[in-house]
Amino acid sequence: MFWSEEYGRWYLILAAGQEMQIYSSANLKQWKYESSFGHDYGNHGGVWECPDLFRLPIKNATSAGQDKWVLLCNINPGGPFGGSATQYFTGHFDGHRFVCDTKPEVTKWMDYGKDHYAAVSFDNAPDGRRVALAWMSNWQYGNQVPTQQFRSANSVPRDLGLFVDQGETYVSVTPSRELLALRGDKVSHPTAACEILIDLRSQAQPTTITLSNAHHEQVVMTYQPKDHTFSMDRTASGITDFSNHFKAITIAPTHGKLTQLRLFIDKCSVEAFDASGRMAMTNLVFPRVPYDKLTVSKGARVTIYDLK
């Protein structure tokens with residue numbers, strides 16, 4: 001639910017089975033049904049949940065004031081690699097109807113990992129920013145993960161924006177700037193909680209990034225510049241036998257060249273971002289001991305910060 005200065009009304013977005021319904025109100029008491037969206041658009045492999053509707057500016061727009069509306073639609077199941085995920089639609093909202101600007105068969109994913117779901121954003125955040133958080137798990141195994149005293153966590157906060165690639169508009173995802181305050185000392189190897197910056201100097205050959213430990217557990221990430229893809233292989237990441245759905249190789253389009261990767265490593269998660277926001281991938285991992293070794297292909301520069 002949000003207030004629109006432009007239209008002078010409150011709006012409520014309701015997930016109703018396989019569609020999103022839009023209601024308006026002047027007083028938060030009486031509500032008027034305006035319209036619905038979703039028939040034949042995007043992915044319908046599961047229930048539509050956790051809706052969100054907001055306006056974002058387009059990065060590097062040719063003229064000031066260019067923006068579009070974004071409708072978030074979390075879905076379970078139906079994700080790109082099975083289970084839960086967050087899809088979205090871009091378009092226009094006139095106070096009554098949301099009109100998508102892409103073909104009905106097009107599906108856009110906010111994050112290409114297995115563990116990014118129920119993403120919602122903060123309305124009216126400072127400086128006009130749109131900050132989103134996701135539940136960092138997947139209903140395929142959310143009740144079986146090998147943890148004690150808790151069941152999963154939230155993702156790191158992400159700032160959302162828009163960019164255009166080959167005439168299509170996409171949501172950009174970058175780690176919120178407040179995360180910079182968590183940086184501690186520079187260290188020579190990964191720690192249980194760290195941020196890793198990888199500057200990719202070569203665009204001719206694939207770049208392989210491997211996190212590993214003494215138990216021969218590893219997460220292998222690969223950037224393929226010719227294919228414009230980034231992948232993460234967690235099949236040998238640690239404890240994986242609690243669910244047949246957990247072992248996975250997730251692959252994301254990069255929408256162009258990557259120049260810097262930002263990796264946020266915690267005790268049971270790896271969150272990978274293109275520094276410019278064109279790719280995000282969130283995956284749980286359960287190593288028996290923290291990853292303390294990093295191997296990166298030649299032609300990349302690495303900086304590691306311990307996180308406070």
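Because only heavy atoms are used, hydrogens play no part in the values below, and waters and symmetry mates are left out as well, while side chains stay in.
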* **Stepwise side chain to side chain donor-acceptor pair (under 3.5 Å) test for K32 and S25** => CA-CA 6 Å; K32 175 187 176 184; S25 174; over 6 Å; no
Distance in Å, [X] [atom1] paired with [Y] [atom2], rounded so as to fall on 0.5 Å steps:
| X | Y | atom1 | atom2 | answer |
| --- | --- | --- | --- | --- |
| K267 | T147 | NZ | OG1 | 13.0 Å |
| C50 | N74 | SG | CG | 5.0 Å |
| T174 | L160 | OG1 | CG | 8.0 Å |
| D159 | D127 | CG | CG | 9.5 Å |
| I209 | L263 | CD1 | CG | 6.0 Å |
| L12 | L14 | CG | CG | 6.5 Å |

Does [atom1] in [X] sit with more than 12 non-hydrogen atoms of other residues, nucleotides or ligands closer than 6.0 Å?
| X | atom1 | answer |
| --- | --- | --- |
| E105 | CD | yes |
| Q144 | CD | yes |
| W31 | CH2 | yes |
| D185 | CG | no |
| R301 | CZ | no |

If only atom types and distance count, is the side chain of [X] paired as donor or acceptor with the main-chain N or O of [Y] below 3.5 Å?
| X | Y | result |
| --- | --- | --- |
| D115 | L284 | yes |
| N283 | V270 | no |
| N213 | H215 | yes |
| Y291 | S237 | yes |
| Q18 | G46 | yes |
| S84 | W139 | yes |
| H44 | Y41 | yes |

* Structure fact -> When F54, W3, F93 are each screened for ring-ring contact (aromatic ring centres under 6.0 Å, His included) with Y11, the one that passes is F93
What is the minimum heavy-atom distance between [X] and [Y], and which atoms define it?
| X | Y | value |
| --- | --- | --- |
| C194 | I304 | CB-CG2, 4.1 Å |
| R97 | S35 | CA-OG, 3.4 Å |
| L162 | K68 | CD1-CB, 3.7 Å |
| T254 | F230 | CG2-N, 3.8 Å |
| P51 | I13 | CG-O, 3.3 Å |
| G256 | Y223 | O-OH, 4.2 Å |

* Specify whether F89 and W48 have parallel, tilted or perpendicular ring planes, treating 30° as the upper limit for parallel and 60° as the lower limit for perpendicular. => tilted
* Asked: Going by the angle between their ring planes, with limits at 30° and 60°, are F242 and F286 parallel, tilted or perpendicular?
  -> perpendicular
Looking only at the side chains, is there a donor atom on one of [X] and [Y] sitting less than 3.5 Å from an acceptor on the other?
| X | Y | answer |
| --- | --- | --- |
| R130 | S121 | yes |
| K59 | S172 | no |
| T282 | R158 | yes |
| Q87 | N43 | no |
| S152 | S137 | yes |
| D274 | S276 | yes |

* **Working for side chain to side chain contact (heavy atoms under 4.5 Å, CB included), residues R234 and F246** => CA-CA 9 Å; R234 70 175 183 191; F246 188 77; 3.4 Å; yes
ILVMFWY network linking [X] to [Y], side-chain heavy atoms under 4.5 angstrom:
| X | Y | answer |
| --- | --- | --- |
| W109 | F273 | no |
| V296 | V285 | yes |
| V171 | L53 | no |
| F98 | L56 | no |
| F81 | M232 | yes |

Would you say [X] and [Y] make side-chain contact, with heavy atoms under 4.5 Å?
| X | Y | result |
| --- | --- | --- |
| L197 | V302 | no |
| L294 | I196 | yes |
| T208 | S297 | yes |
| D111 | V173 | no |
| D52 | L71 | no |
| F264 | P175 | yes |
| W135 | S155 | no |
| M221 | D233 | no |

* Would you check, one step at a time, whether the test side chain to side chain donor-acceptor pair (under 3.5 Å) holds for K114 with Q140? => CA-CA 10 Å; K114 284 275 288 187; Q140 286 184 322; 2.4 Å; yes
Is any side-chain N of the basic residue among [X] and [Y] closer than 4.0 Å to the acidic one's carboxylate O?
| X | Y | value |
| --- | --- | --- |
| K293 | E217 | no |
| E271 | R262 | no |
| K103 | E168 | no |

* ring-ring contact (aromatic ring centres under 6.0 Å, His included) between Y33 and Y23: does it pass, once the steps are laid out? -> CA-CA 4 Å; Y33 170 77; Y23 294 81; 5.5 Å; yes
* Asked: Considering the options K308, R183, K186, which one meets the salt bridge (Lys or Arg N to Asp or Glu O under 4.0 Å) requirement together with E195?
  -> R183
* To do: Start with the C-alpha distance between S36 and Q21, add both sets of side-chain angles, then the distance that settles side chain to side chain donor-acceptor pair (under 3.5 Å), and finish with yes or no.
  => CA-CA 4 Å; S36 65; Q21 297 178 352; over 6 Å; no
* Asked: Can you check side chain to side chain donor-acceptor pair (under 3.5 Å) on H116 and T86, steps first, answer last?
  -> CA-CA 7 Å; H116 181 281; T86 304; 3.2 Å; yes
* Asked: Mind checking whether F163 and H255 have ring centres under 6.0 Å apart?
  -> yes
* To do: For residues Y170 and Y88, establish whether the separation of their ring centroids is below 6.0 Å.
  => no
